[in-house]
Amino acid sequence: MKRWGVGLAVVGAAGMVLAGVSPAEAKVDSATTSAAAGTAQPVFVKRYFNCYYDEGCFATAVLPKTWRAIRLGTDEYRFADRTAPRMIRIRMNITGPSTAVAAKRKQAALKGTRGLKILSRKTTTMKSTSGQGPLTVTTLVYTYRSGSTTRYVATRYIAMWSLNSANVEMTVGGRLKDRATLTKVLDKATTSITLAG
């Protein structure tokens, strides 16, 4: 049965190709609000996305309640903060190499990026809180320059159900001062994501 996307607020939002999106594309939708609002800690809730009117939703994750959901394409979504330039992107059902190789390729693709600083690249395991089995994750953390500002980015490749290859890619991006918040967003999304279909 052919799937047709729906534009509901619950339909989610964040995705990047396995080879990675350029740092410039890791920027979020522009938002203009008070500085106080831009530094507020998000409230997390279970959100449904990858939804089709005739088949229901194929993914859930614990994500910031008020971040705007944007469908980027098949199995690709972005959730963008309405009050600050920060976001999370999710690409699901990828057929990648191991998480470590995927992150290494992403790092190589960043060569030549203005002001690039690789902060870390680490592989570890995490426990799924949603019954998706053991998770193997490799996270590449870096900063780069965009205009006069420094952008913080963390891209994570996830192998679910003890698989040997990455099947989910998540990226958070925002201001350097948002690092702690973005790390929390990424970790909650990683451990809670569910896939179906």
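All values below were derived from every heavy atom in this structure, side-chain atoms included, with hydrogens, water molecules and symmetry-related copies excluded.
In terms of the side chain to side chain contact (heavy atoms under 4.5 Å, CB included) criterion, residue partners of Lys46 (sequence neighbours excluded) are, by chain and number, Tyr48, Thr60.
Classification of Glu169 and Arg91 as a salt-bridged pair fails, no side-chain N sitting under 4.0 Å from a carboxylate O.
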For residues 183-192, tabulate all N or O donor-acceptor pairs below 3.5 Å that involve a side-chain atom, not counting sequence neighbours.
{"unit_1": "Thr183", "atom_1": "OG1", "unit_2": "Arg179", "atom_2": "O", "d": "2.9"}
{"unit_1": "Asp187", "atom_1": "OD1", "unit_2": "Arg156", "atom_2": "NH1", "d": "3.0"}
{"unit_1": "Asp187", "atom_1": "OD1", "unit_2": "Arg156", "atom_2": "NH2", "d": "3.1"}
{"unit_1": "Thr190", "atom_1": "OG1", "unit_2": "Arg156", "atom_2": "NH1", "d": "2.9"}
{"unit_1": "Thr190", "atom_1": "OG1", "unit_2": "Leu186", "atom_2": "O", "d": "2.7"}
{"unit_1": "Thr191", "atom_1": "OG1", "unit_2": "Asp187", "atom_2": "O", "d": "3.1"}
{"unit_1": "Thr191", "atom_1": "OG1", "unit_2": "Lys188", "atom_2": "O", "d": "3.4"}
{"unit_1": "Ser192", "atom_1": "OG", "unit_2": "Val62", "atom_2": "N", "d": "2.7"}
{"unit_1": "Ser192", "atom_1": "OG", "unit_2": "Lys188", "atom_2": "O", "d": "2.6"}

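Here the closest non-hydrogen pair linking Thr155 and Val153 is OG1-CG1, 4.1 Å. For Arg86 against Trp67, the heavy-atom pair with the smallest separation is NE-CZ2, 3.8 Å. Shortest non-hydrogen contact noted between Ala159 and Ser165 is CB-O, 3.4 Å.
Contact annotation: the side chain of Arg151 never approaches that of Tyr142 to less than 4.5 Å [non-hydrogen atoms, C-beta and beyond]. Using a 4.5 Å heavy-atom threshold, the side chains of Val137 and Thr125 count as separate. Using a 4.5 Å heavy-atom threshold, the side chains of Tyr52 and Phe58 count as touching. Between Thr99 and Thr123 there is a side-chain heavy-atom pair separated by less than 4.5 Å. Within the 4.5 Å cutoff, no side-chain heavy atoms of Thr138 are placed close to those of Leu140. The shortest side-chain heavy-atom distance between Asn93 and Asn50 falls under the 4.5 Å cut-off. Residues Ile193 and Met92 meet the side-chain proximity criterion, which asks for heavy atoms closer than 4.5 Å. Inter-residue side-chain proximity for Thr143 and Leu176 is flagged as met; some heavy-atom pair is nearer than 4.5 Å.
Taking CZ from Phe79 and CZ from Arg47, the interatomic distance works out to 4.5 Å, rounded to the nearest 0.5 Å. From Lys111, atom NZ reaches atom CG of Leu116 across 11.5 Å, with rounding to the nearest 0.5 Å. Atoms NZ and CZ, from Lys65 and Phe44 in turn, are 13.0 Å apart once rounded to the nearest 0.5 Å. Taken from OG1 in Thr139 to CE in Met170, the straight-line distance is 10.5 Å, to the nearest 0.5 Å. Going from atom OG1 of Thr181 over to atom CZ of Arg175 covers 9.0 Å, rounded to the nearest 0.5 Å. Here the CZ-CZ distance, from Phe49 to Arg71, works out to 11.0 Å after rounding to the nearest 0.5 Å.
Here the rule is side-chain contact (heavy atoms from CB on, under 4.5 Å) with Met160, and of Thr136, Val168, Thr194 only Val168 fits it.
The main-chain N or O of Val101 is found under 3.5 Å from a side-chain atom of Ser98 such that the two form a donor-acceptor pair. The backbone N or O of Gly96 lies less than 3.5 Å from no partner atom in the side chain of Asn167, so there is not a single donor-acceptor pair. A donor-acceptor pair under 3.5 Å is formed between the side chain of Gln132 and the backbone N or O of Ser130.
Legend: salt bridge (Lys or Arg N to Asp or Glu O under 4.0 Å) pairs involving residues 127-145, not counting sequence neighbours: none detected.
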